[in-house]
Amino acid sequence: TERSTSTFDFASYHTLDEIYDWLNTLVADHPNLVSKLHIGQSYEKRPLYVLKFSTGGSNRSAIWLDTGIHSREWITQATGVWTANKIVEEYGQDPSVTAILDSMDIFFEIIVNPDGFAFTHSSNRLWRKTRSINAGSPCVGVDPNRNWDAGFGGAGSSSNPCSETYRGPYAHSESEVKSIVDFICGHGSVKSIISIHSYSQMLLYPYGYKTVPAPNHQELNEVAKKAVSDLAAVYGTKYTYGSIADTIYMAGGTSVDWAYDNGVKYSFTFELRDTGRYGFLLPSSQIIPTATETWPALLDIMVHVLEHPY
Amino acid sequence: EKLFVGDQVLRVTARDEEQIALLRVLGERTELQLDFWRHPARPGLPADLQVPFPCLQEVKTFLESNNISYSVMIEDVQELLDEEKKTMNKSRR
């Protein structure tokens with residue numbers, strides 16, 4: 001068991017238990033900045049935890065970050081752990097992080113899909129979906145990024161439970177999704193959602209379920225442009241950016257579209273590295289470089305949110 | 001534990017909409033148990049396709065007979081998984 005944030009190996013992939021233990025360690029080491037919220041449970045009754053970074057205050061506006069909605073995208077959970085640690089390291093040191101946390105809260109769900117993640121460690125490294133049983137089908141799981149109530153059932157999602165993009169029987173059927181929906185709606189003041197995936201080196205924004213530009217298209221595009229430029233400045237990793245529908249393909253039922261349609265203007269989704277060599281199997285030696293280059297891009301978005309209240 | 005010995009991931013680049021449609025039809029053949037790591041989206045954008053070892057020949061023949069260009073992105077998925085596990089165990093020790 002990893003018992004200290006100073007001895008935890010951020011350059012290695014970890015199991016669910018190791019990461020959940022580390023969450024406790026992070027909270028214990030920084031009790032005035034970080035707390036752990038239990039926002040629900042997965043289909044297989046694992047707890048769903050969210051880290052809350054807060055310097056106090058009440059009813060503060062907030063930024064939501066998440067990693068690992070697709071369980072096989074291991075670089076994302078690993079980047080999540082590194083980033084959560086970076087936030088506590090930089091508070092009080094980096095002026096941007098300090099300014100953000102002095103007036104806003106950050107919520108961070110590092111393992112959105114714990115059942116799938118545990119399954120990738122025990123049984124099938126390439127598992128993507130949740131682990132819910134589908135009535136009348138031998139195939140298990142729902143794609144939790146096609147399960148949101150935004151263009152649910154539209155293009156780019158499947159009605160076939162055996163498909164990797166199976167949308168589920170109805171919107172928010174997955175407890176992993178519903179728990180986030182309830183939390184964000186209950187909070188009422190989440191101003192930005194950044195959902196992290198891998199791997200095609202993109203920074204995307206709404207819409208995915210329709211091709212018309214989002215009302216804030218121009219502003220989101222400008223934010224994305226700066227973010228990918230600052231990301232590329234670290235190691236030269238080139239990202240593309242744009243709306244989901246324009247940049248990759250139409251995809252109904254995604255988290256960022258749901259967030260945008262529910263008033264969260266600054267909704268983005270990252271697709272982290274790879275350049276076409278490893279796909280979901282990015283070697284652990286690339287965790288820290290990936291997280292390091294992603295950090296300034298995340299910070300750009302968060303600073304923009306701070307400086308553009310609405 | 002599911003093993004992926006001999007499975008390959010092919011990086012496929014369709015040059016037009018017709019080839020993209022062909023790739024989608026290929027992906028719907030459930031008996032092949034293909035898994036698009038990156039879905040075919042538009043001409044010129046790569047799609048990555050994990051192909052189980054027993055279906056490799058059939059899939060490659062399909063691509064070649066339809067003049068769809070591809071390269072092998074991962075030669076053997078299981079080799080990478082074994083390496084990943086070894087690295088994790090080493091780190092844990």
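Throughout, protein chains are lettered first and strands after them, A, B, ... in sequence-line order, and every chain is numbered starting at 1. It should be emphasised that the depicted structure is a prediction, and the values quoted were computed from it without experimental measurement.
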*Asks:* Report yes or no: does R38(B) contribute a side-chain atom to a donor-acceptor pair with the main-chain N or O of G279(A) at less than 3.5 Å?
*Replies:* no

*Asks:* Taking all heavy atoms of E84(B) and all of W74(A), pick out the closest pair and write down the distance.
*Replies:* OE1-CZ3, 3.4 Å

*Asks:* Does any backbone or side-chain atom of E28(B) lie under 4.5 Å from a heavy atom of chain A? Answer side chain, backbone, both or neither.
*Replies:* neither

*Asks:* Is it the case that over 12 heavy atoms from other parts of the model lie below 6.0 angstrom from the CD atom of E31(B)?
*Replies:*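 Yes.
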
*Asks:* Minimum heavy-atom separation for T165(A) and H39(B), please, with both atom names.
*Replies:*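 Looking at all heavy atoms of both residues, the shortest contact is CG2-NE2, 4.0 Å.
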
*Asks:* Checking S198(A) against chain B: side chain, backbone, both or neither under 4.5 Å from a heavy atom?
*Replies:*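 Nothing of S198(A), per the 4.5 Å heavy-atom cut-off to chain B.
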
*Asks:* Take a 6.0 Å sphere around CD of Q33(B) and say whether it holds more than 12 heavy atoms from other residues, nucleotides or ligands.
*Replies:*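 At most 12 heavy atoms, drawn from other residues, nucleotides or ligands, come within 6.0 Å of this atom.
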
*Asks:* Could you tell me the separation between the CZ atom of F10(A) and the OG atom of S91(B), rounded to the nearest 0.5 Å?
*Replies:* 11.5 Å

*Asks:* Show the nearest heavy-atom pair for residues I248(A) and A41(B), with the distance to one decimal.
*Replies:* O-CB, 3.2 Å

*Asks:* Below 4.5 Å, heavy-atom pairs only: which of G276(A), P283(A), C162(A) has the largest tally toward chain B?
*Replies:* G276(A)

*Asks:* Would you name the heavy atoms of Q50(B) and L126(A) that are closest together and state the gap between them?
*Replies:* OE1-CD1, 3.4 Å

*Asks:* Side chain to side chain contact (heavy atoms under 4.5 Å, CB included) between I20(B) and Y249(A): does it pass, once the steps are laid out?
*Replies:* CA-CA 12 Å; I20(B) 286 174; Y249(A) 43 68; over 6 Å; no

*Asks:* Heavy-atom distances under 4.5 Å only: say whether F4(B) touches chain A with side chain, backbone, both or neither.
*Replies:* side chain

*Asks:* If you count heavy atoms of other groups shown closer than 6.0 angstrom to OH of Y235(A), is the number above 12?
*Replies:*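 More than 12 within 6.0 Å, yes.
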
*Asks:* Can you confirm whether E89(A) is buried at CD, in the sense that more than 12 heavy atoms of other residues, nucleotides or ligands lie under 6.0 Å from that atom?
*Replies:* yes

*Asks:* By a 4.5 Å heavy-atom criterion (distance strictly below it), what part of S284(A) contacts chain B: side chain, backbone, both, or neither?
*Replies:*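 Contact with chain B: side chain only.
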
*Asks:* So for T240(A), is it side chain, backbone, both, or neither that comes closer than 4.5 Å to the heavy atoms of chain B?
*Replies:*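 Contact with chain B involves no heavy atom of T240(A) at all.
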
*Asks:* Could you give the distance from CG (D48(B)) to CZ (F280(A)), rounded to the nearest 0.5 Å?
*Replies:*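 Rounded to the nearest 0.5 Å, the CG-CZ separation comes to 8.5 Å.
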
*Asks:* Looking at M73(B), is its backbone amide N or carbonyl O close enough to the side chain of R277(A) to form a donor-acceptor pair, meaning the two atoms are under 3.5 Å apart?
*Replies:* no

*Asks:* Under 4.5 Å from any heavy atom of chain B, what part of R128(A) do you find: side chain, backbone, both or neither?
*Replies:* neither

*Asks:* Just do the side chain to side chain contact (heavy atoms under 4.5 Å, CB included) check on L281(A) and W37(B) with the steps written out, would you?
*Replies:* CA-CA 11 Å; L281(A) 307 179; W37(B) 286 17; 4.0 Å; yes

*Asks:* To the nearest 0.5 angstrom, please state how far the NZ atom of K85(B) sits from the CZ atom of R125(A).
*Replies:* 10.5 Å

*Asks:* Quick check for you: to the nearest 0.5 Å, what is the distance between S12(A) atom OG and M88(B) atom CE?
*Replies:*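 The OG atom of S12(A) sits 5.5 Å away from the CE atom of M88(B).
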
*Asks:* Identify which part of A251(A) has an atom lying under 4.5 Å from any heavy atom of chain B, answering side chain, backbone, both or neither.
*Replies:* neither

*Asks:* Roughly how far, to the nearest 0.5 Å, is CZ of R42(B) from CG of D246(A)?
*Replies:* 7.0 Å

*Asks:* Looking at V9(B), T30(B), L3(B), D35(B), which has the largest count of heavy-atom pairs under 4.5 Å with chain A?
*Replies:* D35(B)

*Asks:* On a heavy-atom basis, which atom in Y278(A) and which in I74(B) lie closest, and how many Å separate them?
*Replies:* O-CD1, 3.6 Å

